[in-house]
Amino acid sequence: MVGKIVEVEAYRGSDDPASHAFRGLTPRNAPMFGEPGRAYVYFTYGNHYCLNITTRESGIPGAVLIRAIEPIEGISAMVRLRPKVPKLALTNGPGKLTKALRIDKSLNEIDMTKHGPLYVTKAEAGDFEVGRSTRIGIAAGKDRLWRFYVFGNPYVSQRQTAEGLQRPRLGRKEPERVI
DNA sequence: TCGAAGATTCTA
DNA sequence: AGAATCTTCGAA
């Protein structure tokens, strides 16, 4: 299965009250303090896994939550994992995409920079614009515009009207693929 | 050991 | 708008 990442949120450490790492190292958030480029998978609300990719050097907490992807290959397999769900809703949320890609805690801490069961890689992509807004589903840290998404992409999660929404800016970066 | 909250989703 | 559902963490 292959998808293009179209929506992410950034989380940091003691300077970010919305982050799992805000109060320091715990067993759950340990990957955020570890090597960059690893998966940080956590379970929440009794039902859902969420996938992050760690971003900062060892000892400094940081991760990017993958909130939505655009399905590219293996769509029938994704539908099998999320039966009776229309294509547009297959992977447009952090808990939805982990289910559609069968991502769970067994992939926690996996190296996502190398070819393996779950990894990211650069791919061709035309020009696109990046929208940004406040992060979704958080109680603190609402002042930061740390949610980023491909502007106008229909596979972005349905809450683009979150407060703090800004019109597209930032540049043309190649999006990446998840497998 | 216990209670409350949670980087969500689905249904009514 | 509210329930579901259970892990995690901090406080007691």
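Labels below follow one simple rule: chain letters A, B, ... track the order of the sequence lines, proteins then strands, and each chain is numbered from 1. The figures here come from the full heavy-atom set of this structure, side chains too, leaving out hydrogens, waters and symmetry mates.
- Here A:D15 does not pair with A:R144 in a salt bridge; the nearest charged N to carboxylate O distance is not below 4.0 Å.
- Considering only side-chain N and O atoms, A:R147 lies nowhere under 4.0 angstrom from the phosphate OP1 or OP2 of B:dA7.
- For A:Y45 and C:dA4, a side-chain-to-base donor-acceptor distance below 3.5 Å is absent, hydrogens and geometry of angles not being considered.
- Proximity note for A:R28 (side chain, C-beta onward) versus B:dT9, B:dT8, C:dC9: the nearest is C:dC9.
- Spacing between atom CZ of A:F22 and atom P of C:dC9 amounts to 16 Å, rounded to whole angstrom units.
- OP1 or OP2 of B:dA7 has at least one side-chain nitrogen or oxygen of A:H20 nearer than 4.0 Å.
- What separates CZ of A:R144 from C1' of B:dA7 is a distance of 14 Å, to the nearest Å.
- Comparing B:dA7, C:dC6, B:dT9 against the side chain of A:L65 picks out B:dA7 as the nearest.
- Closest to the side chain of A:H48, from the set B:dA7, B:dT9, B:dC10, is B:dT9.
- Set against C:dT8, C:dG10, B:dT9, the side chain of A:R23 has C:dG10 as its closest nucleotide.
- If you look at A:H20 and A:Y42, their ring centroids are closer than 6.0 Å.
- Distances from the side chain of A:K105 to the nucleotides B:dA7, C:dT8, B:dC10 place C:dT8 closest.
- Rounded to an integer number of Å, the gap from A:F148 CZ to B:dA7 P is 19 Å.
- Neither OP1 nor OP2 of B:dT8 sits under 4.0 Å from any side-chain N or O of A:K99.
- Considering only the side chain of A:S19, B:dA7 comes nearest among C:dT5, B:dA7, B:dT9.
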Dot-bracket for DNA chain B, 5' to 3', with Watson-Crick and G-U pairs under 3.5 Å, [ ] for crossing pairs and | for other-strand pairs: what is it? ||||||.||||.
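- Between the side chain of A:D16 and the backbone N or O of A:G141 there is no donor-acceptor pair closer than 3.5 Å.
- Taking 4.0 angstrom as the limit, A:K142 places none of its side-chain polar atoms (N or O) nearer than this to OP1 or OP2 of B:dA7.
- For the pair A:R135 CZ and B:dT8 P, the computed distance is 11 Å after rounding to whole Å.
- Note on A:E109 versus A:R38: no salt bridge recorded, every NZ/NE/NH1/NH2 to OD/OE distance being 4.0 Å or above.
- Here the side chain of A:N52 is nearest to one of B:dA7, C:dT5, C:dT7, namely B:dA7.
- Side-chain proximity of A:T26 to B:dG6, C:dC9, B:dA7: nearest is C:dC9.
- Spacing between atom CZ of A:R12 and atom P of B:dA7 amounts to 18 Å, rounded to whole angstrom units.
- If you check C:dA4, B:dT9, C:dC6 against the side chain of A:F43, the one that comes closest is C:dC6.
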